[in-house]
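Here the structure is a predicted model, which is why all the values come from computation and not from measurement. Note that ligands are numbered from 1 as they come in the structure, with each ligand's atoms numbered from 1 the same way.
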Amino acid sequence: MANTEADSSLMKKIVSLCKRRGFLFQSSEIYGGLNGFWDYGPLGVELKRNIKRAWWQDMVTGHDDLNVVENAPSVFSMTGIDSTIIMHPQIWKCSGHYDLFHDYMVDCKQSKRRYRHDQIVGRWVEAKGQKIFVTTLASEACESEIESKALKFFKLRAKNKEDLVYSSEVIDLISVEETTSVLAPEAKALDTLTSPREFNLMFKTTVGALGGEDDVAFLRPETAQGIFVNFKNVIDSTRFRLPLGIAQIGKSFRNEITPRNFTFRSREFEQMEIEFFCHPDDSAKWYSYWRDRRLSWYHTMGISEKSLIMREHHADELAHYSIGTADIEYAFPFLPEGEYGELEGVAHRGDFDLRSHMEGKLDEKSNPLEVQLNEKGKPKYRGSGKDLQYRDDLTNEKYTPHVIEPSAGADRATLAFLCEAYYEDEAPDENGKMQLRTVMRFHPRIAPIKAAVFPLVKKDEFQSKTARDIYLALKREFNVFYDETAAIGKRYRRQDEAGTPYCITVDGDSVTDQSVTIRERDSLEQIRIPIDSVVSEIRNRILG
Ligand code: ATP
């Protein structure tokens with residue numbers, strides 16, 4: 001489907017605001033940048049940190065472990081860990097990443113561009129007695145793009161577009177067997193794509209000074225494995241009983257073939273993952289609990305219902321051990337209308353991971369309980385050999401827990417919150433004239449700056465001192481901003497663009513009524529409140 005003009009221009013505006021206001025910068029920009037890597041600027045670091053903090057607070061530290069929380073099957077516990085990025089290489093053999101974590105890439109010999117094979121789509125087009133397959137990238141898969149490429153190739157003018165005869169709808173390149181007639185996305189001639197080659201997405205490194213093949217290690221492609229291999233440590237070192245969720249936030253690395261769409265597909269990114277361990281008999285209930293809970297978390301943090309969907313995977317998309325996986329997807333503006341991009345996956349992983357780390361990697365096609373043997377009769381991929389089962393001290397039952405995994409990306413969530421927050425409306429300028437304003441409508445909990453404090457007149461000693469005192473009092477609890485430059489309307493607008501929910505202005509009346517004005521970012525409502533209640537007012541408004 002066509003990418004609407006409005007959406008791609010919206011994305012351009014968001015990207016430009018991110019750079020202009022210091023949310024996101026291209027990594028290593030002064031050296032020309034490094035594809036797939038992004039730096040967070042002063043506003044971006046606060047936004048992303050607030051999102052991670054809200055997630056940790058809502059999922060882990062703020063969790064009520066004494067009562068059955070809403071819609072949960074029973075009482076449960078939550079805790080966290082922080083494991084290393086580089087771990088024993090055997091972990092990646094047993095998890096399956098060493099053998100299975102790959103994409104297929106194709107190179108274009110003419111444009112020197114590299115693509116993920118599954119991202120190229122196209123249409124068969126015929127003109128001047130020749131039939132060719134015109135391709136483009138999936139997310140830009142608009143008919144007009146293919147049409148203009150075909151017109152160029154056949155040297156036809158736009159007014160002669162009727163001369164193009166389409167013999168297919170848009171289809172995937174993967175389904176095209178005849179490669180000599182393929183026009184690659186950025187090529188001018190036919191048949192420039194190499195055959196697809198397998199490419200493991202894990203970054204390799206070496207541990208120690210010698211750096212031989214035996215010292216090869218990998219940067220983790222997900223944080224989840226650090227939780228599985230520490231499951232026993234957590235159980236043994238605490239008094240937690242199952243059901244128990246163990247959470248982790250941390251960097252992950254994937255050598256993506258085609259990083260794209262701003263931070264959506266990066267090579268270095270952060271994940272917020274929970275491995276929720278429970279009794280196998282209850283796992284289906286917990287799966288549905290976590291699916292619903294994670295979806296509603298995004299809503300409570302300000303993502304509208306219409307921008308978010310839950311997509312349940314079809315049976316043929318599921319791994320053999322999984323009885324369900326659902327993706328929470330967001331309508332990113334860079335996607336064609338009606339399409340959504342993954343924000344988070346919630347997967348029922350059965351006992352696959354713990355068993356793999358006990359017994360070795362299990363063959364996908366065989367009975368997952370059977371360990372595969374090599375020609376010498378040894379298990380193919382040796383697990384840790386450790387007993388990672390759980391013994392219930394009340395019932396004395398011993399079992400390998402099932403796992404539900406809500407796995408979210410902190411950078412994708414940040415991008416979704418940025419896209420969702422971007423809003424244009426009209427507000428009065430300093431002369432009271434209605435003017436277009438750009439406002440980032442972040443939920444107050446994640447807003448990078450919670451409040452800005454202004455003296456209306458900089459040179460007024462009372463106003464300036466009172467504003468500074470309020471600023472310092474708020475600063476003990478929140479990230480706040482002080483500004484005494486420019487006209488008040490301009491100061492408001494600067495804060496609107498940064499997404500600051502509240503502006504506090506000390507004015508000429510403040511000396512007599514000991515009050516200040518609080519202006520709310522979205523409604524533009526202004527109310528007077530006593531100076532000595534500013535901190536509690538802001539606290540109540542932010543924490544709800
Ligand atoms: P995709 O299909 O988009 O590659 P995935 O299904 O491989 O994603 P998971 O392995 O389930 O992703 O990872 C969990 C979450 O981590 C994703 O939902 C996403 O938010 C985040 N994530 C994964 N890969 C990337 C990436 N390259 N850049 C940014 N975030 C990512």
Side-chain angles (χ1 to χ4, degrees), residues 24 27 34-40 44 48 51-52 55 59 85 92 95-97 100-105 115-119 137-139 199-203 218-228 247-276 290-291 294-295 297-298 301 303 308-314 317-319 322 324-332 334-335 339-349 352-353 403-419:
L24 277 156
S27 160
L34 189 60
N35 200 9
F37 296 87
W38 296 93
D39 294 337
Y40 286 81
K48 185 171 160 190
I51 292 166
K52 291 187 286 180
W55 183 89
M59 298 300 124
I85 286 169
W92 306 114
S95 69
H97 286 85
L100 301 171
F101 194 52
H102 53 234
D103 277 337
Y104 285 91
M105 62 180 183
Y115 308 100
R116 247 172 66 185
H117 191 215
D118 62 351
Q119 279 180 342
L137 291 179
S139 56
F199 176 76
N200 193 297
L201 299 182
M202 284 198 293
F203 278 98
F218 302 93
L219 305 192
R220 68 180 174 201
E222 60 172 35
T223 58
Q225 298 305 321
I227 302 179
F228 293 124
Q248 166 155 239
I249 297 180
K251 289 266 178 162
S252 292
F253 301 81
R254 296 183 188 179
N255 202 357
E256 300 279 1
I257 296 169
T258 45
R260 62 205 323 259
N261 290 332
F262 208 16
T263 57
F264 181 83
R265 190 169 299 289
S266 314
R267 289 178 165 142
E268 174 175 341
F269 55 95
E270 253 177 305
Q271 289 183 308
M272 310 188 287
E273 295 197 293
I274 297 169
E275 303 305 326
F276 188 81
W290 278 108
R291 273 183 31 170
R294 291 301 307 145
L295 181 72
W297 187 78
Y298 291 100
M301 298 304 294
I303 305 250
L308 212 55
I309 56 159
M310 171 83 82
R311 189 181 71 82
E312 194 71 52
H313 285 209
H314 298 295
E317 282 181 87
L318 294 176
S322 181
T325 295
D327 287 343
I328 298 172
E329 299 183 340
Y330 179 72
F332 286 100
F334 52 76
L335 294 171
E339 285 190 20
Y340 297 79
E342 179 181 329
L343 262 189
E344 168 160 355
V346 182
H348 184 304
R349 301 189 57 86
F352 177 77
D353 305 273
V403 172
I404 312 302
E405 178 188 78
S407 169
D411 305 85
R412 280 197 195 168
T414 306
L415 185 57
F417 285 119
L418 278 164
C419 295

Would F269 and W38 count as a close aromatic pair, with their ring centres under 6.0 Å?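 Ring centroids of F269 and W38 are no less than 6.0 Å from each other.
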
Take the angle between the ring planes of F203 and F37 and call it parallel below 30°, perpendicular above 60°, tilted in between.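 Tilted.
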
Once you measure the plane-to-plane angle for F334 and F332, does it fall in the parallel (<30°), tilted (30-60°) or perpendicular (>60°) bin?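 The rings of F334 and F332 lie parallel, inter-plane angle below 30°.
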
What's the shortest distance from [atom] to any protein heavy atom, and which residue and atom give it?
| atom | value |
| --- | --- |
| atom 14 (C) of ligand 1 | S407 OG, 3.0 Å |
| atom 22 (N) of ligand 1 | F269 CE1, 3.5 Å |
| atom 2 (O) of ligand 1 | E342 OE1, 3.9 Å |
| atom 28 (N) of ligand 1 | S266 N, 3.0 Å |
| atom 10 (O) of ligand 1 | R254 NH2, 2.8 Å |

Can you check whether [X] has an N/O within less than 3.5 Å of an N/O in ligand 1?
| X | answer |
| --- | --- |
| Q271 | yes |
| D411 | no |
| F264 | yes |
| G409 | yes |
| R412 | yes |

Quick one: pull up CD in Q225 and OG in S95 and give me the separation to the nearest 0.5 Å.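 Atom-to-atom, Q225:CD and S95:OG are 4.5 Å apart.
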
With rounding to the nearest 0.5 Å, note down the distance linking CG in L295 to CD1 in I328.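 These two atoms lie 5.0 Å from each other.
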
Got Q271 and R412 here, is their nearest side-chain heavy-atom distance under 4.5 Å?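 Of all side-chain heavy-atom pairs linking R412 with Q271, none is under 4.5 Å.
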
For the residue pair P221 and F253, establish whether any side-chain heavy-atom pair is separated by less than 4.5 Å.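 No, side chains not in contact.
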
Does the side chain of S252 come under 3.5 Å of the side chain of E222 through a donor N or O and an acceptor N or O?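 No, E222 and S252 have no side-chain donor paired with an acceptor closer than 3.5 Å.
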
Applying a strict 4.0 Å limit to heavy atoms, is L343 in contact with ligand 1?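 Yes, L343 has heavy atoms under 4.0 Å from ligand 1.
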
Quick check on R265 - does any of its heavy atoms sit under 4.0 Å from an atom of ligand 1?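 Distance cut 4.0 Å: R265 passes for ligand 1.
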
